[in-house]
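First up is the structure itself, then whatever we jot down about it.
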Amino acid sequence: MTHFSQSVLEWYCKFGRKNLPWQKNKTDYTVWLSEIMLQQTQVSTVIPYYIRFIKTFPNLIKLANAEQDIVLHLWSGLGYYSRAINLHKTAKIIQKEYNGQFPKNIKAINALPGIGRSTAGAIISSVYNKTYPILDGNIKRILTRCFAIKGWPGEKKIENTLWKYAEKYTPQKNTDKYNQAMMDIGAMICTRAKPKCLLCPINQYCISYKKGNPLNYPSKKIKREKSVKKVYFTILQYKNLVWLEQRPTSGVWAGLFSFPEANNPKIESQLDSYKISYKDILQLTKLISFKHTFSHYQLYITPSLVKLSTLPIWKIEVHKGIWYDLLKPKKIGLATPIKYLLERLPCE
DNA sequence: GTCCTGAATC
DNA sequence: GATTCAGGAC
């Protein structure tokens with residue numbers, strides 16, 4: 001084992017995190033679930049979601065047999081909803097094709113929806129203590145700083161280099177502890193801003209520390225202007241009921257419910273397509289516009305509230321959706337801005 | 001390139 | 001208050 005890895009392991013014994021919710025009563029299921037939630041998401045954000053999720057679905061079979069809407073409901077607000085859809089898919093695959101037993105070899109795990117090389121490595125090292133490297137954002141930050149690796153880590157060439165380093169330093173023994181330690185060091189010591197280099201167990205190996213420039217790493221992505229999109233939501237409300245439609249299983253807010261939307265501000269055309277007659281409108285209010293920023297574009301949302309005096313009935317299958325009861329909300333997936341709007345609607 | 005959000009930072 | 005940033009799979 002390298003001195004580098006030895007230092008990492010010694011640090012873990014003293015300072016590593018060992019009491020996170022998914023580290024108690026650890027099983028393949030809890031590790032898998034937490035690793036999926038932790039993709040692109042920080043620990044403090046995940047904890048309440050994880051606890052609620054595990055309460056509702058204490059094991060894989062419960063999850064496999066669940067309605068997708070319930071799964072998305074529990075994921076609402078966590079973002080990257082394809083993670084939830086893939087999680088559910090994977091549960092069903094394991095139930096059907098693996099007899100309910102989580103596969104134990106890396107290739108089979110890696111082939112499951114939503115599990116890439118790093119997550120597969122994290123699961124198999126954490127649950128079975130097999131020797132496989134991981135490479136998440138934390139570890140990329142540590143490695144680029146320690147070995148002064150220039151270039152944006154998202155670039156294929158740089159990522160391959162980083163995997164080489166990850167392989168080289170992942171020890172044969174105690175891989176589980178080492179991988180957890182590296183994630184902890186990345187989250188607690190080798191932070192993006194104000195890294196605590198003096199407390200770092202591997203500062204003696206760290207080139208950027210010696211040079212005094214750890215903040216130069218990792219190199220930043222060359223950023224391009226975010227495109228701007230506009231959308232107009234039509235909020236149809238009759239008493240406590242609000243009309244919501246389910247979005248397709250791909251694209252933004254996959255599988256979540258949302259208001260009817262249009263690309264032009266003319267509320268009339270939207271009302272026409274829903275065959276709403278003006279005599280049924282009690283009140284039509286343009287609500288305050290706001291901005292929602294995605295990783296790849298900005299969305300300006302202008303909602304209009306249309307209060308109706310009768311419950312419209314449109315031809316079946318022309319508009320597929322649900323009348324969402326504000327007083328008895330159905331458990332469905334809702335994106336954050338939709339949840340925000342629904343919470344602020346006055347109900348009668 | 002496409003997928004999201006809350007926390008950190010300005 | 002507005003902007004930036006962290007965080008992997010497909």
Side-chain angles (χ1 to χ4, degrees), chain A residues 32-50 72 74-90 109-123 132-145 152-156 158-160 162-163 166 179 182-195 215 217-229 231 247-256 258 288-301 333-340:
Chain A
W32 165 55
L33 172 62
S34 64
E35 287 299 333
I36 299 298
M37 287 186 162
L38 287 163
Q39 287 170 359
Q40 307 296 91
T41 313
Q42 289 174 349
V43 167
S44 57
T45 306
V46 165
I47 289 174
Y49 285 87
Y50 176 84
L72 285 170
L74 288 166
W75 209 272
S76 293
L78 200 53
Y80 291 112
Y81 298 97
S82 62
R83 290 184 296 170
I85 293 173
N86 282 333
L87 186 87
H88 195 210
K89 258 191 214 165
T90 291
I109 295 174
N110 201 165
L112 295 166
I115 301 180
R117 183 178 175 187
S118 186
T119 302
I123 294 170
Y132 285 96
I134 61 173
L135 186 63
D136 69 353
N138 288 308
I139 294 167
K140 284 176 180 171
R141 196 165 51 250
I142 298 172
L143 295 177
T144 52
R145 284 176 175 169
W152 178 55
E155 206 182 312
K156 202 71 210 154
I158 309 298
E159 200 181 341
N160 289 339
L162 289 168
W163 272 115
N179 282 345
M182 288 293 277
M183 293 195 279
D184 290 352
I185 293 169
M188 298 158 68
I189 307 277
C190 197
T191 46
R192 178 180 64 87
K194 299 179 192 166
L215 294 182
Y217 302 92
S219 304
K220 287 190 172 58
K221 180 185 177 179
I222 306 155
K223 63 163 182 273
R224 54 192 192 295
E225 280 297 291
K226 269 186 186 156
S227 61
V228 175
K229 296 184 186 182
V231 71
R247 302 177 59 87
T249 48
S250 64
V252 284
W253 298 335
L256 307 193
S258 185
I288 300 162
S289 301
F290 59 97
K291 184 170 79 171
H292 185 78
T293 307
F294 290 92
S295 49
H296 45 314
Y297 63 90
Q298 307 208 31
L299 185 64
Y300 285 89
I301 298 172
L334 297 168
T336 297
I338 310 302
K339 218 174 185 175
Y340 171 88

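Naming: A, B, ... by sequence-line order, numbering from 1 per chain. All values derive from a computational prediction rather than experimental measurement.
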For A:Thr293, check side chain to side chain contact (heavy atoms under 4.5 Å, CB included) against everything at least two apart and list the hits.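 Partners of A:Thr293 by the side chain to side chain contact (heavy atoms under 4.5 Å, CB included) criterion, ordered by chain and then number, come out as A:Lys226, A:Lys291, A:Gln298.
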Residues in side chain to side chain contact (heavy atoms under 4.5 Å, CB included) with A:Lys221, at least two apart?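 Side chain to side chain contact (heavy atoms under 4.5 Å, CB included) list for A:Lys221, sorted by chain: A:Trp152, A:Arg224.
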Please list, chain by chain and in numerical order, all residues satisfying side-chain hydrogen bond (donor to acceptor under 3.5 Å, both in side chains) with [X], sequence neighbours excluded.
X: A:Ser219; value: none
X: A:Glu35; value: none
X: A:Glu159; value: none
X: A:Thr41; value: A:Arg83

Of A:Lys194 and A:Ala254, whose closest DNA chain B nucleotide lies nearer the 5' terminus?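 The answer here is A:Ala254.
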Atom-pair distance ([atom1] on [X]; [atom2] on [N]), nearest Å:
X: A:Ile85; N: C:dA9; atom1: CD1; atom2: P; result: 17 Å
X: A:Leu78; N: C:dG8; atom1: CG; atom2: P; result: 13 Å
X: A:Tyr49; N: C:dG7; atom1: OH; atom2: P; result: 18 Å
X: A:Leu38; N: C:dG8; atom1: CG; atom2: P; result: 8 Å
X: A:Gln40; N: C:dG7; atom1: CD; atom2: P; result: 9 Å
X: A:Tyr81; N: C:dG8; atom1: OH; atom2: P; result: 18 Å
X: A:Gln39; N: C:dA9; atom1: CD; atom2: C1'; result: 6 Å
X: A:Leu112; N: C:dC10; atom1: CG; atom2: C1'; result: 14 Å

Taking the six-membered ring for Trp and the full ring for Phe, Tyr or His, determine whether the centres of A:His292 and A:Phe290 are under 6.0 Å apart.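 No: the rings miss the under 6.0 Å criterion.
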Taking ring-ring contact (aromatic ring centres under 6.0 Å, His included) as the definition, give me every residue that meets it alongside A:Tyr50, ordered by chain and number, with sequence neighbours left out.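 Applying ring-ring contact (aromatic ring centres under 6.0 Å, His included) to A:Tyr50 gives A:Trp22.
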What pairs with A:Tyr300 under ring-ring contact (aromatic ring centres under 6.0 Å, His included), at least two apart in sequence or on another chain?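 A:Tyr300: no ring-ring contact (aromatic ring centres under 6.0 Å, His included) contacts found.
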5' precedence on DNA chain C between A:Gly186 and A:Gly114 (nearest-nucleotide basis):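 Of the two residues, A:Gly186 wins.
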Interface polar pairs with nucleotides 1-5 of chain C, N/O, under 3.5 angstrom:
unit_1: C:dT3; atom_1: OP2; unit_2: A:Lys291; atom_2: NZ; d: 3.0
unit_1: C:dC5; atom_1: O3'; unit_2: A:Arg192; atom_2: NE; d: 2.8

For A:Arg247, all residues meeting salt bridge (charged side-chain N to carboxylate O under 4.0 Å, His left out), sequence neighbours excluded: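 For A:Arg247 the salt bridge (charged side-chain N to carboxylate O under 4.0 Å, His left out) partners, ignoring immediate neighbours, are A:Glu261.
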To the nearest 0.5 Å, tell me how far A:Ile139 CD1 sits from A:Trp163 CH2.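 Taking CD1 in A:Ile139 and CH2 in A:Trp163, the distance rounds to 8.0 Å.
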Students often get this wrong, so: under 4.0 angstrom with heavy atoms, is A:Thr336 touching a base, only sugar-phosphate, or nothing?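 Sugar-phosphate, backbone atoms only, no base.
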Under 4.0 Å between any heavy atoms, over every strand shown, what does A:Gly251 touch: base, sugar-phosphate, or nothing? Just pick one.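 Answer is sugar-phosphate: A:Gly251 comes under 4.0 Å of backbone atoms only.
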Members of residues 133-142 of chain A that approach DNA chain C, where some heavy atom sits under 4.0 Å away: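 Of all residues in residues 133-142 of chain A, the ones placing a heavy atom under 4.0 Å from DNA chain C are A:Asp136, A:Gly137, A:Asn138, A:Arg141.
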Going 5' to 3' on DNA chain B, which nucleotide is the first and which the last to come under 4.0 Å of a heavy atom in chain A?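 Span of nucleotides near chain A: B:dG1 to B:dT9.
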Flag yes if more than 12 heavy atoms outside A:Tyr340 fall under 6.0 Å of its OH atom; otherwise flag no.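 No, the 6.0 Å shell around OH holds no more than 12 heavy atoms from other groups.
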